[in-house]
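Just below is one structure, and these are the notes that go with it.
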Amino acid sequence: MSRILVVGLGKVGLPLAAFLASRGYDVEGADTDLGRAAMVNAGRSPFPFEPGLDDLIRDGVAAGRLRATGDTAAAAARADVMIIVVPVALDASGRPDFSNLDSAVEAVAEGVRDGGLVVVETTVPVGTTRERVAARVRKAGRSVLVAAAPERVSSGTLIRDLRRYPKIVGGVDAASGEQAAAFYREALGVEVKLLSSAEAAELTKIAEGVYRDLNIALANELARYADARRIDFTEVVEAANSQPYSHIHQPGLGVGGHCIPVYPHFLSADELKLPALGRRINDAMAAYGAERLEKIMGSLAGATVVILGVTFRGNVKETHLSPAFRLRDELARRGARVVAHDPLHSDDELRALGFQPCAVPCAAAAVVVQAWHDAYVGLDLTAFAGLRAVLDGRNAFDRRRVEAAGILYAGIGR
């Protein structure tokens, strides 16, 4: 059975490593964060909000099938299959930042043996697997197989997603694709779709993310159109989606996370116009929400506004590119005193993110629902002293009940 190295023990790589260990494989994880590696070796998870991960790590370490290291090159020399899952984020100018990936590939190249299989699970711009990965690991003339097999999972449901979604695979050559497909069929036990090239696999994952971003942008545009005409867009979505060819998403205050708002930047705006347009529409929703709140209140100057939820979506402790940051700045620009609450974060964590923490309920002129966590279900808005208005950025509240309590209400498309 193959010895596996997972390079990058982040929120995707570590669950993948632990899952493969649960399938009976000998798995080593490599990460530059030595503290994280030490936690794994102690059988503990650094990501307590990922369901099922704690048990997989504990059991994998106890069985001797899962371990972690900070020496990627040495681990690569011991592995048959090397899976790279390190982030390609965006730099300050919005271009792909390959620094983490390049460092990981360099370390793998130092240790990879002839006949080894290197797989890129990181979502990358088209051509990256061939031009940045295969070119480097084969530079010494080694007979190394290289393929793209982009991850298709989400935080909060990651272990479940590994079991249920088909795996997309494409090699830089036929032999690489076939070997990678055979590995994943056995390792994950799911359907594997072998595509004609690494580039096809890379574009598949980008297309998935861009589709969702553009769908949300369409929903946001239609919601704004509905707002201007006093139409409840929530009932429009429900009615439209009763037709099987309509799949309109829900509007909101923006799109966050490591995936959907990032992948459109992997495509050239000179060649494709819609992805960049969708990004502009979605990034503008925080300002639109602040304008909605300001309009119903008359002014935000000096008003205390509570942002409920700083994560990019409900029940997931992730804040990367969360709309909460734009929303905070837009409200402050209009003179509001902005405070925030999130049940998944401590006060110190909120301060570190640049938010002034508050308990709920509290004294506030307005409340903004940015991320709808389960902990907010049943929240009594009348318990907020002096509350005048609610901006329901996730359309979570019953408008009639809010207004019956004497509180002004604004939603997105409501």
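All of these numbers come straight from a predicted model, not from anything done at the bench.
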For [X] versus [Y], what's the shortest heavy-atom pair and its separation?
X	Y	result
Arg130	Ser197	NH2-CB, 4.4 Å
Leu162	Val190	O-CG1, 3.5 Å
Pro323	Leu253	CB-O, 3.6 Å
Ala389	Ile296	CB-CD1, 3.9 Å
Ala201	Val169	CB-C, 4.0 Å
Ala147	Ser176	CB-O, 4.1 Å

Tell me whether [X] at atom [atom1] has more than 12 heavy atoms from other residues, nucleotides or ligands lying less than 6.0 Å away.
X	atom1	answer
Arg164	CZ	yes
Arg67	CZ	yes
Arg58	CZ	yes

Residues forming a side chain to side chain contact (heavy atoms under 4.5 Å, CB included) with Leu277, sequence neighbours excluded:
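Once residues adjacent in sequence are excluded, the partners of Leu277 under the side chain to side chain contact (heavy atoms under 4.5 Å, CB included) criterion are Leu274, Arg280, Ile281.
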Please assess Ser93 against Asp91 for the test side chain to side chain donor-acceptor pair (under 3.5 Å), listing each intermediate value before the final yes or no.
CA-CA 5 Å; Ser93 62; Asp91 63 18; 2.8 Å; yes
Under-4.0 Å salt bridge between [X] and [Y]:
X	Y	result
Arg44	Asp55	no
Arg328	Glu330	no
Asp227	Arg292	yes
Arg3	Asp26	no
Arg152	Asp161	no
Arg136	Glu106	yes

Mind telling me whether Tyr211 and His249 have parallel, tilted or perpendicular rings, with 30° and 60° as the class edges?
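Answer is perpendicular, since the angle exceeds 60°.
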Can you tell me how far apart CD (Glu121) and CD1 (Ile168) are? Round to the nearest 0.5 Å.
11.5 Å
Point-to-point distance, once rounded to the nearest 0.5 Å, from CG of Leu300 to CZ of Arg337:
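These two atoms lie 14.0 Å from each other.
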Taking the side chain as every heavy atom from C-beta outward, state whether [X] and [Y] have any pair of such atoms under 4.5 Å apart.
X	Y	result
Thr234	Arg414	yes
Phe19	Tyr25	no
Glu291	Arg334	yes
Met285	Ile412	yes
Val368	Val306	no
Phe325	Thr319	yes
Phe355	Val339	no
Arg351	Asp347	yes

Given side-chain contact (heavy atoms from CB on, under 4.5 Å), test Ile84 with Val118 step by step and report yes or no.
CA-CA 8 Å; Ile84 300 174; Val118 176; 3.9 Å; yes
Worked check of ring pair (Phe, Tyr, Trp, His ring centres under 6.0 Å) between Tyr376 and His341:
CA-CA 11 Å; Tyr376 293 144; His341 175 271; 5.6 Å; yes
Pairs meeting criterion salt bridge (Lys or Arg N to Asp or Glu O under 4.0 Å) with involvement of residues 252-279, two or more places apart
Asp213-Arg279, Arg279-Asp283
Carefully, step by step, assess Glu202 and Thr129 under the rule side chain to side chain donor-acceptor pair (under 3.5 Å).
CA-CA 8 Å; Glu202 291 166 337; Thr129 301; 2.6 Å; yes
Between Thr69 and Asp71: side-chain donor-acceptor atoms closer than 3.5 Å
no
Take Glu318 and Ser155 through the side chain to side chain donor-acceptor pair (under 3.5 Å) test and state the conclusion after the steps.
CA-CA 8 Å; Glu318 287 191 13; Ser155 295; 2.3 Å; yes
So which of His345, Glu349, His373 actually passes side-chain hydrogen bond (donor to acceptor under 3.5 Å, both in side chains) with Lys317?
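So, applying the side-chain hydrogen bond (donor to acceptor under 3.5 Å, both in side chains) to Lys317 and each of His345, Glu349, His373, only Glu349 qualifies.
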Kindly confirm or rule out a cation-pi arrangement of Arg229 over Tyr225, judged by NZ or CZ under 6.0 Å from the six-membered ring centre and within 45° of its axis?
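So Arg229 does make the cation-pi contact.
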Pair Lys205, Thr123 - check side chain to side chain donor-acceptor pair (under 3.5 Å), show working.
CA-CA 7 Å; Lys205 178 57 187 295; Thr123 303; 2.9 Å; yes
With salt bridge (Lys or Arg N to Asp or Glu O under 4.0 Å) as the test, would you mind laying out the steps for Arg23 and Glu186 before giving the verdict?
CA-CA 9 Å; Arg23 299 271 297 172; Glu186 178 186 275; over 6 Å; no
